[in-house]
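Worksheet: one structure, shown below.
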Amino acid sequence: MKKRDRTPKTYTRLTHPLVRDARDEPFRRATWDEALARAADGFRRTREAHGPDAFAMLSCARATNEMNYVAQKFTRVVMGTNNVDSCNRTCHAPSVAGLSAAFGSGGGTSSYEEVEHTDLVVMWGSNARFAHPIFFQHVLKGIRNGARMYAVDPRRTSTAEWAESWLGLNVGTDIPLAHAVGREIIHAGLHNKAFIERATTGFDEYAELVEPWTLSLAEKVTGVPAAAIRDLAHAYATAERAQLCWTLGITEHHNGTDNVRALINLSLLTGHVGRYGSGVQPLRGQNNVQGGGDMGAIPNRLPGFQDILDAAHRVKFERAWGAAIQPRYGMTLTDMFEAMEHGELRAVYCIGENPAQSEADSEQAIRRLAALDHLVVQDIFLTKTAEMADVVLPATAAWAETDGTTTNSERRVQRVRAALTPPGEAREDIDIICEVAARLGHDWKFADSEAVWNELRALSPDHFGMTYDRLEEHQGLQWPCPDLEVLPSSFLHGRLWESDPALRGPAAPFGLVAHDPPVDLTDESFPIRLTTGRRLDSYNTGVQSGGYASPLRRGEYIELCPEDAERYGVVVGEEVRVSSRRGVVVAPVWVDPALRPGLAFMTMHFPDEVDTNQLTIEANCPIAGTAEFKASAIRIEKLPVAAVRS
């Protein structure tokens, strides 16, 4: 097939500050002094007129830990609110919530290396080969070392091609499938009775909860053959070591946290947690989405994942920062957009995020952003969100032009170093934030990124043992690392295996979660289930990846199975109208035999070409606030010949 003529929009690097004198006027170039003064004045006016909670910070999961630390400090100390969040809310907030509820800590339990030495890998709701290619290299090493892999996904993805068995479930039926696996393990007597009794609570209630989920009922609801469910249950329960991994196929649902709890239940049932080679792993996409949360750039935790509601934690930070901290949680990203709708949130400082195109129901998100009194965007490109701003501040690229650290999915903190000189007048994020803070009466002096890191270390016990010298010496360290001499364990929650109750600590509770189907139901008007995800060669809203050539990139398509393509009478490359209950886009067709009848697939990589998020639904997980990107109901209409774009 010929490549399409249309090419993705290329974003030009920001090299100088921009301001606009009125919302209906174009940007004009400004000096740094003018731009910083305008940014600060807008925040000051908002706070004076509407109070501190009328302000919110969107911090950046692509930037360094040090930047995220300073950004949340700006929010809490300078503006006096806990309204700080980032794109973790659109992806893995349910993982953090689910893991915290079970184990008291929101990080994945295992190291990447353990996947190479485990006996069984379950990839559930994850096309890791495309979305997490570095991690998947460790999976491939594990397979070459003899590990068996099971893939659970509505699509038969590239990842599933490496699996011993693919369980192609219906979108939104993860909990029935997990409960059926759990029931089968219990009925076969394969559950780890000693571990359950010693390290968990709520087993009897869990056994009662899953009892109705027979293999035959699960087959009817999930679409997965009973024999395949039984095979997975027995393989997982009898493996000596097993890793259960998931991605956004689990979390991006209106009940994402419940989905996570349902998977964690299986690890508790079998004792596949807290041992080398056995654990649960949420795979994170952005290079520092883990670190952003660890640094306190979330509305309910101070740096080091310390709960804001704990008075002792607040006092420690208040003494160090010389400012009072609100004794309540701030707004999540989801809450922020709802507060914009009601006029309660009036000013936003957005660093390295593009919510105008990354939020579900994007037309609604744009309308809400446009209603703000004051929007400041700090970024490396003039994104769709930046185009809406009052002030645009050009920053350095954290991964190439900045010193600092980042934290990956295995909780490993690693150094990053500036290798390139930033273009034009672009300045480091921390420098910019401190300049805005100074104009609001807070004259912070950080000599360099290490000074920021050392302030964090003094306040976060989990990071205390990670000096820059030790991070360099060991090529990264995993938290918790509270000691300057002892190296941390590669896995979490080994305490659950201690025989001494004092050393074992709190038991891990089973999560009693019920099946709750997708909110946006298919019917005669919208008969196709649309699910979304990533492709290997592109990245999120395409701002950073669209400017680079890729032999794999073919732009945005709606992918259908051969049977549906034939039923609609469409062929590869033919454009169709795709409608949901929220919006309409026109997209060309791609035929993918990995899909099943009634299931379509799209990405968010090319929103300037096909804005997929006009179709997705803002039905949010009530615990984590993550939207149901994975389950929208759509219809497809063949276009008249005259309407097809050339």
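The basis for the numbers below is simple: all heavy atoms, side chains too, and nothing from hydrogens, waters or symmetry mates.
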Donor + acceptor pair across side chains of Arg62, Gln544 (<3.5 Å): yes
Does either side chain, that of Ser278 or that of Arg275, offer a donor lying less than 3.5 Å from an acceptor on the other one? yes
Evaluate the criterion salt bridge (Lys or Arg N to Asp or Glu O under 4.0 Å) for residue pair Arg553 and Glu609; output intermediate values, then yes/no. CA-CA 13 Å; Arg553 188 172 300 141; Glu609 182 182 353; over 6 Å; no
Please determine whether a side-chain nitrogen of the Lys or Arg among Lys141 and Glu113 lies less than 4.0 Å from a carboxylate oxygen of the Asp or Glu. no
Minimum heavy-atom distance between Asp462 and Gly304, given as atom pair plus value: OD2-O, 4.1 Å
Taking the side chain as every heavy atom from C-beta outward, state whether Leu283 and Phe136 have any pair of such atoms under 4.5 Å apart. no
Within the structure provided, determine whether Ile264 and Phe103 are in side-chain contact (heavy-atom separation under 4.5 Å). yes
Rounded to the nearest 0.5 Å, what separation is found between the NE2 atom of His117 and the CD atom of Gln243? 11.0 Å
Indicate yes or no: at least one non-hydrogen side-chain atom of Val289 is less than 4.5 angstrom from one of Cys91. yes
Hey, is the main chain of Ile250 close enough, under 3.5 Å, to the side chain of Asn259 for a donor-acceptor pair? yes
Could you tell me whether a side-chain N or O of Gln72 sits under 3.5 Å from a main-chain N or O of Tyr69, the two making a donor and an acceptor? yes
Note, Ile636 side chain near Leu560 side chain (heavy atom, < 4.5 Å): yes
Yes or no on side-chain contact (heavy atoms from CB on, under 4.5 Å) for Asp307 and Arg301, after CA distance, side-chain angles and deciding distance? CA-CA 5 Å; Asp307 196 329; Arg301 301 283 175 165; 3.7 Å; yes
If you round to the nearest 0.5 Å, how far is CZ of Arg129 from CD of Gln137? 8.5 Å
Just do the side-chain contact (heavy atoms from CB on, under 4.5 Å) check on Arg635 and Ser579 with the steps written out, would you? CA-CA 5 Å; Arg635 66 169 171 263; Ser579 307; 4.0 Å; yes
Does His179 use its side chain to pair, donor to acceptor, with the backbone of Ala218 at less than 3.5 Å? no
What's the shortest heavy-atom distance between Val84 and Ser59, and which atoms? CG2-CB, 4.4 Å
Report the C-alpha separation of Arg368 and Asp361 in whole Å, then their side-chain angles, then the decisive distance to 0.1 Å, and conclude whether the salt bridge (Lys or Arg N to Asp or Glu O under 4.0 Å) test is met. CA-CA 11 Å; Arg368 291 173 170 177; Asp361 196 349; over 6 Å; no
More than 12 non-hydrogen atoms from neighbouring residues, nucleotides or ligands closer than 6.0 Å to CZ on Arg241, yes or no? yes
Using a 3.5 Å distance criterion without hydrogens, assess whether the side chain of Asp85 forms a donor-acceptor pair with backbone atoms of Leu333. yes
Using distance alone, with no hydrogens and no angle criterion, decide if Trp399 and Asn287 have a side-chain donor and acceptor under 3.5 Å apart. no
Please name the pair of heavy atoms, one in Leu177 and one in Thr222, separated by the smallest distance, quoted to 0.1 Å. N-CG2, 3.8 Å
Do the charged groups of Arg89 and Glu353 touch, with an N to O distance under 4.0 Å? no
Mind checking whether Thr603 and Glu556 have side chains closer than 4.5 Å, heavy atoms only? yes
Over all atoms of both residues, closest heavy-atom pair of Ser110 and Gly279: OG-CA, 3.3 Å
Supply the atom-to-atom distance His254 NE2 to Asp520 CG, rounded to the nearest 0.5 angstrom. 11.0 Å
Note: Ile623 and Ala97 closest approach over all heavy atoms is CG2-CB, 4.0 Å
Within 45° cone of Tyr112 ring axis and under 6.0 Å: Arg412 NZ or CZ: no
Do the non-hydrogen side-chain atoms of Tyr539 and Gln286 ever get within less than 4.5 Å of each other? yes
Quick check against the 3.5 Å criterion: does Asn613 have a side-chain atom that pairs as donor or acceptor with the backbone of Gln357? yes
Ala397 to Ile380 - nearest heavy-atom pair and separation: N-CG2, 3.8 Å
Please round to the nearest 0.5 Å and tell me the distance separating atom CZ of Phe381 and atom OG1 of Thr10. 9.5 Å
Under 3.5 Å, is there a donor-acceptor pair between the side chain of Thr270 and the main chain of Ala237? no
How many angstroms lie between atom CZ of Arg554 and atom OG of Ser538, to the nearest 0.5 angstrom? 10.0 Å
Counting N and O atoms only, with roles assigned by atom type, does the side chain of Ser409 sit under 3.5 Å from a partner on the main chain of Arg284, one being a donor and the other an acceptor? yes
Looking only at side chains, do Gln478 and Ser111 share a donor and an acceptor under 3.5 Å apart? no
Does either side chain, that of Asn65 or that of Thr407, offer a donor lying less than 3.5 Å from an acceptor on the other one? yes
Roughly how far apart are Ile351 CD1 and Met67 CE, rounded to 0.5 Å? 5.0 Å
Is there a side-chain contact (heavy atoms from CB on, under 4.5 Å) between Ser158 and Asn127 once you walk through the steps? CA-CA 7 Å; Ser158 177; Asn127 185 10; 4.2 Å; yes
Side-chain heavy-atom pair His605, Arg534 within 4.5 angstrom cut-off: yes
Please answer whether the main-chain N or O of Gly625 pairs with a side-chain N or O of Thr334 as donor and acceptor at a distance below 3.5 Å. yes
Quick one: does Trp246's side chain get under 4.5 Å of Pro282's, heavy atoms only? yes
Tyr150/Asp231 under side-chain contact (heavy atoms from CB on, under 4.5 Å): CA gap, chis, key distance, verdict: CA-CA 10 Å; Tyr150 285 71; Asp231 182 41; 3.0 Å; yes
